[in-house]
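A quick write-up on the structure given underneath.
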Amino acid sequence: MINKVFNNLKMKIIKFLIFTNTNLPPLKSKIIIIFYLIFFFSTQFKLIASSNKIEKSVFRITNFNQSPDWQSPWKMKSTTRGQGSGFLIKNNLILTNAHVVSNSRMLLINKTSSPEPFLADVVSIAHDSDLALLKVREDRFYIGLKALDLGGIPKLRSRVSAFGYPIGGKELSRTEGVVSRIEFGTYIHSGIDSHLLIQTDSAINPGNSGGPVTQFGEVIGVAFQSNLRLNDVGYFIPIPLIKRFINDIKDGKYDGVPEIGIETSSLINRHYRDYLNLPKNISGVLVDRVIPGSSADGILFKDDVMTKIENKLIDEAGMVSFGEQQVTFFIESENMQIGEKLKIQVWRKGKLHNLVLTLKPPPFGVELRNSYDKLPEYLIFGGLVFTSLNRNYINLQGNMIPSLAYEHWYRDIERPGTRSDQTIVLTKILPASINTGYINYKNFIVNSLNGNPVNTLLDLNKILENLNPKTSYVVFESKWHNLPLVLDYKESIRQGPKILKNYGILHSLNLYSDNF
Amino acid sequence: MNYYKVILYILSFTIFLSNGFKPHFLLANSEDIKPWFQKAVLIKSYQQSYDWLNPWQKREIITKSGMALVVDINNYKSNNIKKSSKINNLNLLTTADMVTDATLIEVTRKDILQPYIAKILLIDYAANIALLSIDNLKFWDKLIPVKWKKIKSNTNSKIKNINSLKIKSEEEWNIQSAKVEQMTIGYRLKSNSWFPQLKIRGISRGNQGYPIIQDNKTVGMILEANTDEAKAIPAEMILEFFKHARKKKYESLAHRGFIWEKMPQTSTADYFKIPTNKSGILISRVLPFGTGSKVLNNGDYLTKIGKWSISNEGKINHPNWGPSQFDLLFLDKLKVGDFVKLSIIRNGKPSKLNARVSSYEEIRKTVPLEKVGHSPRYIINGGLLFQELSLNYLYMWGKNWKSLAPMRLRLFLKKNNSVNIHLQEKNNIQKNSISELEYKSRVVLVTKVIPDQVNIGYQNISNAIVLKINDKLIKNLKDVKNSFFKPINNFHRIDFLPGSDRISVILPVNGLNEANKRIKNNFRIPKLQSF
């Protein structure tokens with residue numbers, strides 16, 4: 001704050017010197033110059049001091065991480081070492097990105113120019129907004145460190161500094177740039193969530209993630225991703241989302257960013273507005289779809305025109321004013337907490353309606369987000385390995401096939417209510433005499449077992465467990481295959497333990513997506 | 001005893017054995033090149049395919065060179081063919097690939113430098129055969145049609161020695177020897193079809209349309225030749241093509257009407273109540289055309305086609321070619337229009353189904369390969385470009401279209417497709433009824449929006465699947481055309497399948513004609529509707 005005042009004064013003096021009449025008496029000129037020099041050096045001193053403070057409070061994080069093998073869900077992949085950054089905020093907490101500390105087996109934190117690593121733990125993690133809070137186990141780590149202050153949204157074209165530990169070295173790096181854009185975009189860590197993000201040309205490279213982006217000695221964001229298709233483009237998470245995260249966990253658990261749960265289309269086309277008989281003085285966006293179970297379910301309807309949100313006018317492109325610019329109206333809900341009320345105005349059947357909806361978590365299943373810190377669910381029977389379809393699985397090489405893509409993304413959109421709780425997929429077959437002939441089967445979607453519907457992996461397990469011991473065959477049927485997959489039941493039971501032993505598998509199932 | 005003579009005898013005998021009882025150098029000389037100057041011609045086609053992304057225009061010109069054979073489709077069996085064939089009856093035969101999308105086909109005789117212009121008389125894309133004609137009668141002077149015969153074994157070996165032509169330059173024609181290794185079933189990705197093919201080794205690369213010669217007669221025509229192997233269409237199929245070509249309405253060649261799988265294991269056989277000692281194949285998908293498509297069901301176990309038993313590998317014992325995939329029956333044993341008994345086991349009970357041997361039919365597919373060489377069908381209204389989803393359109397994503405084309409569109413190729421938007425209606429149509437043929441249910445897309453002031457706000461739309469126009473369900477482009485005649489309250493409403501860039505679009509009736517004229521002039525589009 002003080003820095004801002006100093007900077008403003010400095011600018012005023014410079015303007016004064018440039019634009020006012022220079023025929024000033026020598027004494028006045030001297031006084032002005034002396035004042036200027038005092039301000040100049042004091043601001044420079046402040047900046048140097050704040051820069052030193054920032055540098056001391058930015059840490060190098062080393063994450064020894066290990067992720068599961070989603071194709072062979074009983075296995076873990078090799079451990080890898082990742083490097084990121086983090087910085088100290090109030091309450092001895094270290095703020096960083098979720099992706100810096102995901103799938104962690106051990107977290108080490110080094111202070112600037114210090115070789116001594118300290119063990120740290122994740123206090124809270126928000127995969128939807130790519131943020132995490134850590135705490136170092138030893139208190140002596142915090143001696144002499146000061147928490148950084150959180151600022152606000154920077155102005156467009158204003159200068160910012162990014163601090164962090166990009167790969168290629170162990171010392172702190174500082175880069176500078178300007179704020180190029182403030183807009184909504186996808187957070188690639190979760191793969192599905194879109195939030196406000198700020199674009200800068202300050203270099204943000206791997207390892208910078210989690211480091212602070214500062215302006216006037218205050219943190220204005222957390223560096224988190226770059227755009228590989230563009231040169232010199234980095235992004236940081238803005239302060240409102242960071243503060244939302246910190247507020248969210250005050251009750252001890254993370255609830256997540258709420259979602260309205262609608263899809264909209266622009267009404268930029270004037271003929272569409274004429275078709276809707278929308279008065280000229282009313283603007284807004286068209287509601288295309290209300291997701292069942294979402295915050296908007298039962299309150300908003302298809303073909304409503306959303307005209308206002310939180311008393312802010314929505315334009316035909318679905319934008320609302322946000323500081324100096326326009327951003328999507330979803331900004332109004334993203335910094336709120338689950339359970340809070342959101343005011344919406346709609347144009348419906350020729351009238352304006354003021355509505356209030358209670359914010360809920362996103363209506364989509366967790367399987368649509370990238371999964372971290374979780375063990376895959378699986379079940380092995382007769383050498384057939386079944387798992388539940390999720391983003392991690394479908395993104396594996398060779399798994400992006402039409403049937404899986406339809407079940408994963410399109411079914412719920414095209415035919416709401418027809419999607420089962422989980423999509424059960426035969427991920428691979430462990431060759432054994434019981435399953436010869438089926439060894440090339442892969443990505444067979446199981447819809448029923450011996451005529452019983454299979455909606456979850458738990459269902460599959462329950463049906464198998466409850467089969468009559470005299471059952472001759474297990475018949476896996478799929479809506480995507482005309483022929484079923486048939487195994488001899490008794491022989492499958494008999495060979496089961498031997499197959500597990502042969503392939504070095506300790507457990508035939510993991511039905512709950514546990515943290516590891 | 002002359003030792004030299006003994007060594008010479010031994011050497012000759014060794015060569016004799018190592019070359020399948022007939023040395024290559026002898027083979028090459030056994031055919032005379034001269035008669036082929038009157039039977040084969042060089043062909044060069046300039047091809048320009050349509051740009052399915054901008055369907056009113058064409059893509060870059062490419063050229064293909066190969067060979068065409070002089071044929072008489074009415075008189076191909078006669079031994080005295082030279083005397084009995086009239087010039088008027090002669091045509092040229094080459095591969096469909098050679099002349100697909102051709103804008104100009106030049107044909108050059110060995111003895112005349114001046115090329116003649118040929119035109120396509122008949123083309124079968126699935127079987128990859130094309131028949132050409134040349135109006136200028138001078139071209140046919142002294143040309144004689146090739147004689148066709150089935151390939152036969154020179155020896156007891158399955159490998160059959162053959163010859164083909166080798167053209168070094170327009171003046172230098174030679175005979176080259178090669179070997180037919182096998183009669184196989186070739187899968188043609190373009191049409192998703194299976195037809196018998198000769199697999200040959202020793203043919204120069206790229207020799208499309210060249211004859212496969214045995215005893216001065218033609219036993220096949222080369223479809224494609226790579227460095228290691230060539231594929232040729234056997235004479236039997238070509239003769240069948242001639243037979244079909246003589247009819248008023250051309251019907252493609254005999255084809256299977258199903259996709260099959262091997263019985264995975266005995267437990268599966270037990271489940272389907274199929275005796276484990278009974279060989280056969282499982283029908284996994286019935287095609288919308290082809291032999292057996294009207295009588296077979298998914299899950300049927302096919303044990304015999306006619307008198308030919310089918311092995312667990314899908315093979316029959318062919319009298320000439322030994323164990324071969326059952327499709328080989330369509331080479332010489334089963335002809336379109338024949339009736340054949342299909343022995344099956346259904347629900348544990350054996351039965352015999354009477355099936356008409358039927359041909360390949362592209363028209364019955366939901367996502368077909370549209371006729372190549374014909375302008376793509378489209379409608380442009382208000383800048384919205386409406387097209388039917390076709391393989392031709394998907395091919396625009398290049399060789400790897402199966403992984404690069406939009407997933408949403410590829411879903412429509414998937415069998416048993418639950419996204420089939422017209423599935424319910426289709427089921428209401430009686431199987432085998434005439435209306436099914438006329439139905440032509442297609443997936444209609446707005447492939448892109450050609451920018452104009454009338455469609456501001458819609459210009460991000462691409463590959464959106466059209467559900468309704470003015471509340472009428474859209475099943476093909478004809479429906480699109482008709483639906484625009486019935487606007488609702490002076491507006492046209494177009495609804496898309498959810499998941500598209502937006503789910504509805506409104507176009508005004510007033511000013512739409514002017515907008516269309518603007519778009520036509522601005523983007524130099526010759527026609528706003530292709531049909």
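All chains are named by letter (A, B, ...) in the order of the sequence lines, taking the proteins before the strands, and each is independently numbered beginning at 1.
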Might you confirm whether atom [atom1] of [X] has over 12 heavy atoms from other residues, nucleotides or ligands at distances under 6.0 Å?
X        : atom1 : result
B:Lys278 : NZ    : no
B:Lys472 : NZ    : yes
B:Lys486 : NZ    : no
B:Asn489 : CG    : no
A:Arg419 : CZ    : yes
A:Lys490 : NZ    : yes
B:Asn460 : CG    : no

Among [options], which residue forms the greatest number of heavy-atom pairs with chain B at distances under 4.5 Å?
options                      : result
A:Ile413, A:Val486, A:Leu267 : A:Val486
A:Val475, A:Leu487, A:Asp488 : A:Val475
A:Thr418, A:Ile268, A:Leu483 : A:Leu483

Smallest heavy-atom separation, B:Gly457 atom then A:Ser266 atom, equals O-OG, 3.8 Å

query: Can A:Ser472 and B:Tyr271 be said to form a side chain to side chain donor-acceptor pair (under 3.5 Å), step by step?
result: CA-CA 9 Å; A:Ser472 304; B:Tyr271 171 74; over 6 Å; no

Checked B:Lys402, B:Gln265, B:Met263, B:Gln453 vs chain A; the most non-hydrogen pairs under 4.5 Å come from B:Gln265

Scored by heavy-atom pairs under 4.5 Å with chain A, the best of B:Gly511, B:Ser267, B:Gly499 is B:Ser267

Pairwise distance [atom1]([X]) to [atom2]([Y]) - rounded to 0.5 angstrom:
X        : Y        : atom1 : atom2 : result
B:Ile503 : A:Asp303 : CD1   : CG    : 7.0 Å
B:Leu497 : A:Arg415 : CG    : CZ    : 9.0 Å
A:His271 : B:Asn490 : NE2   : CG    : 12.0 Å

Okay, A:Ile401 and chain B: the region with an atom under 4.5 Å from a heavy atom over there is backbone

Bottom line for A:Tyr489: the part with an atom under 4.5 Å from chain B's heavy atoms is neither

Measure [X] against the heavy atoms of chain A and call it side chain, backbone, both or neither at under 4.5 Å.
X        : result
B:Asn510 : neither
B:Tyr458 : side chain
B:Val454 : both
B:Ser403 : neither

* Asked: Are any of the side-chain nitrogens in A:Glu263 or B:Arg502 under 4.0 Å away from the carboxylate oxygens of its partner?
  -> no

Legend entry - Cation-aromatic face contact B:Arg493/A:Tyr275, 6.0 Å, 45 degrees: no

Chi angles and distances behind the side chain to side chain donor-acceptor pair (under 3.5 Å) call for B:Ser504, A:Tyr272
CA-CA 9 Å; B:Ser504 58; A:Tyr272 212 129; 2.4 Å; yes

task: Show the numbers, then the answer: is there a side chain to side chain contact (heavy atoms under 4.5 Å, CB included) between B:Met407 and A:Tyr410?
output: CA-CA 10 Å; B:Met407 176 66 81; A:Tyr410 299 120; 4.1 Å; yes

Side-chain donor or acceptor of A:Asn482 paired with backbone N/O of B:Ser284 under 3.5 Å
yes

